[in-house]
2 protein chains.
Amino acid sequence: MNQETKYNPYVSVDCVVFGFDGEKLKVLLNERNIKEKHEWYNDKKLPGSLLLKDEDLDDAAIRILNERTGLKNIYLSQFHSFGNPQRTKNPRDILWLENMTKLKIERIVTVGYVALIKIKRKIQVLADNTELNWYDLKDVKRMRLAFDHAEIIQKGLEHIRHNLNIEPYLFFELLPRKFTISQLRILHDTVHQVHSDVRNFQKKVTQMPYVIALDELEKKVPHRAARLYKFERKNLGMSKM
Amino acid sequence: MNQETKYNPYVSVDCVVFGFDGEKLKVLLNERNIKEKHEWYNDKKLPGSLLLKDEDLDDAAIRILNERTGLKNIYLSQFHSFGNPQRTKNPRDILWLENMTKLKIERIVTVGYVALIKIKRKIQVLADNTELNWYDLKDVKRMRLAFDHAEIIQKGLEHIRHNLNIEPYLFFELLPRKFTISQLRILHDTVHQVHSDVRNFQKKVTQMPYVIALDELEKKVPHRAARLYKFERKNLGMSKM
DNA sequence: ACAAAAGTGTTTGGAGTACACCCATGA
DNA sequence: TCATGGGTGTACTCCAAACACTTTTGT
């Protein structure tokens, strides 16, 4: 298929993909290396793409994640659209875009999605020249980012904080299938920037009908092994949440 | 300016404008009359427009509301974007669009905004052939609507319910400058589809530092006159909200 | 005088918060 | 045996919810 007909050159989708490594929140970013005169310019960008000509927004987000990571069945949620005309006026970004797409680019409105993924899921690096890596969310503030991707990440973070507050079962999208209550607590405290009381947290979690204790303990930890729990989606309806 | 250069034919903004008449939630819709063969086809649509070529999304929403109603300083909030390719495939909608814009229309992604306005603010009907009217939100479900505007209204309603829950001071965007606690309660109960206890509601409202009792009563009511209150925006910071 | 809505306090249950010690495991 | 984190119960506070009668005003 001819590139001319494949993409809609006015609308794109960008995905802010969050992960959790047990200590810190991470974001998935593409390396971007641009040859300029005699130097390489290097920065990072969100996984994203122009819409295909007859593609729905949600489908585009699913496609992007699948193309880049090989993963399917990822929690995805649209959170905001960005249409500042200046967002696609940096000559470096324009050149890069026109080079990638072989299209004349005027200005692009982008629709932001957040995704939550279990960081242990192996990301299948694809055979293009872009490298996809996890970065500490804290460090991202200090990185060079393409377009307005710093702003998109910030808004995505606020959105996911908000969502994790009103739908706490979304935490389980970020944890391994079997997890300890400590892991859940550290994740919770990291996201909401609080320090929960261990006993109160334990109490609250064990009251949730959708958190099920397993007959299984952690292994090979240099201290008393913690009990493992799992998330039971079908019990979600049993709670107010 | 030539139409060819004025609009971005791929992205639009639609506004779901809510009002409250003291009893019911209302939505602002444009009449749309289309001459077809020997009959007139009649339906309703949200106030909306294609983006201008170098216009930000928020600016487009502000422009649309100002063009249609003459109003400024309206509470506006982006809530969701709609990009189903089928949303602009109805031949009637395409013809109407191409007729209005004089542009070739392929498919349009639209960004939805909600607005809250005091229904008493006089809406200045403009000199085009479209009539703008308030409709009961309940009745809208049974009306013929252009494009996917029924879906957009539904999502907008959910968004505004959610927002009014976490930022209850937004209720004052819908009430007159001076209001009674009953008016606020009826609005609250309408939006959230509950029946609040009168005493508990009174207690809660009078505790809000940003709701100020006035030395003034209702007039010409066939029963005991209620005290009037006003909203004091600068006291917002004094509460947790 | 009557119809209609305004205004007002107390009690109860549940949820959140604060707080300190013993237990199990690997090194 | 020690270092590390796991696991547990009680008391207090605060907020939400339930509940009924008297007051004011226009007709």
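Chain A is the first sequence line, chain B the second, and so forth, proteins listed ahead of strands; every chain is numbered from 1.
By the 4.0 Å N-to-carboxylate-O rule, B:E173 lies close enough to B:R233 to be salt-bridged with it. The existence of a salt bridge linking B:R227 and B:E216 is excluded, since no basic side-chain nitrogen approaches an acidic carboxylate oxygen closer than 4.0 Å. A salt bridge links A:R87 with A:D148; the closest basic N to acidic carboxylate O contact falls under 4.0 Å.
Nucleotides of DNA chain C nearest to A:P222 and B:P222 differ in position, and the one nearer the 5' end is that of B:P222. Each of A:Q207 and A:A225 was assigned the nucleotide of DNA chain C with the nearest heavy atom; the assignment lying further toward the 5' end belongs to A:Q207. If you find the closest nucleotide of DNA chain D to A:H223 and to A:I181, the one lying nearer the 5' end belongs to A:H223.
Legend: salt bridge (charged side-chain N to carboxylate O under 4.0 Å, His left out) pairs involving residues 195-214 of chain A, not counting sequence neighbours: none detected.
Straight-line distance from the NE2 atom of B:H188 to the C1' atom of D:dA16: 12 Å, rounded to whole Å. Look at CG on B:L228: it is 18 Å from P on D:dT24, rounded to the nearest Å. Residue B:K220 contributes atom NZ, which lies 19 Å from atom C1' of D:dT24 at whole-angstrom precision. Following rounding to the nearest Å, B:R185 (CZ) and C:dA5 (P) show an atom-to-atom distance of 11 Å. Between the CD atom of B:E218 and the C1' atom of D:dT23 there is a distance of 15 Å, rounded to whole Å. Following rounding to the nearest Å, A:D189 (CG) and C:dT17 (C1') show an atom-to-atom distance of 14 Å. Between the CG atom of A:N165 and the P atom of C:dG16 there is a distance of 12 Å, given to the nearest Å.
By the 6.0 Å and 45° rule, A:R144 stacks over the aromatic ring of A:Y41.
Side-chain nitrogen and oxygen atoms of A:S182 include at least one within less than 4.0 Å of the OP1 or OP2 phosphate oxygen of D:dG6.
No hydrogens or angles considered: a donor-acceptor pair under 3.5 Å links the side chains of B:N163 and B:Y75. With hydrogens and angles left out, the side-chain atoms of B:N84 and A:D56 include no donor and acceptor closer than 3.5 Å.
Picking from D:dG26, C:dG7, D:dG7 the nucleotide with the shortest atom distance to the side chain of A:R224 gives D:dG7. Of the listed nucleotides (D:dG6, C:dA5, C:dG7), C:dG7 has the atom at the smallest distance from the side chain of B:R227.
Proximity of residues 195-206 of chain A to DNA chain C (heavy atom under 4.0 angstrom from any strand atom) is restricted to A:D197, A:R199, A:N200, A:K203.
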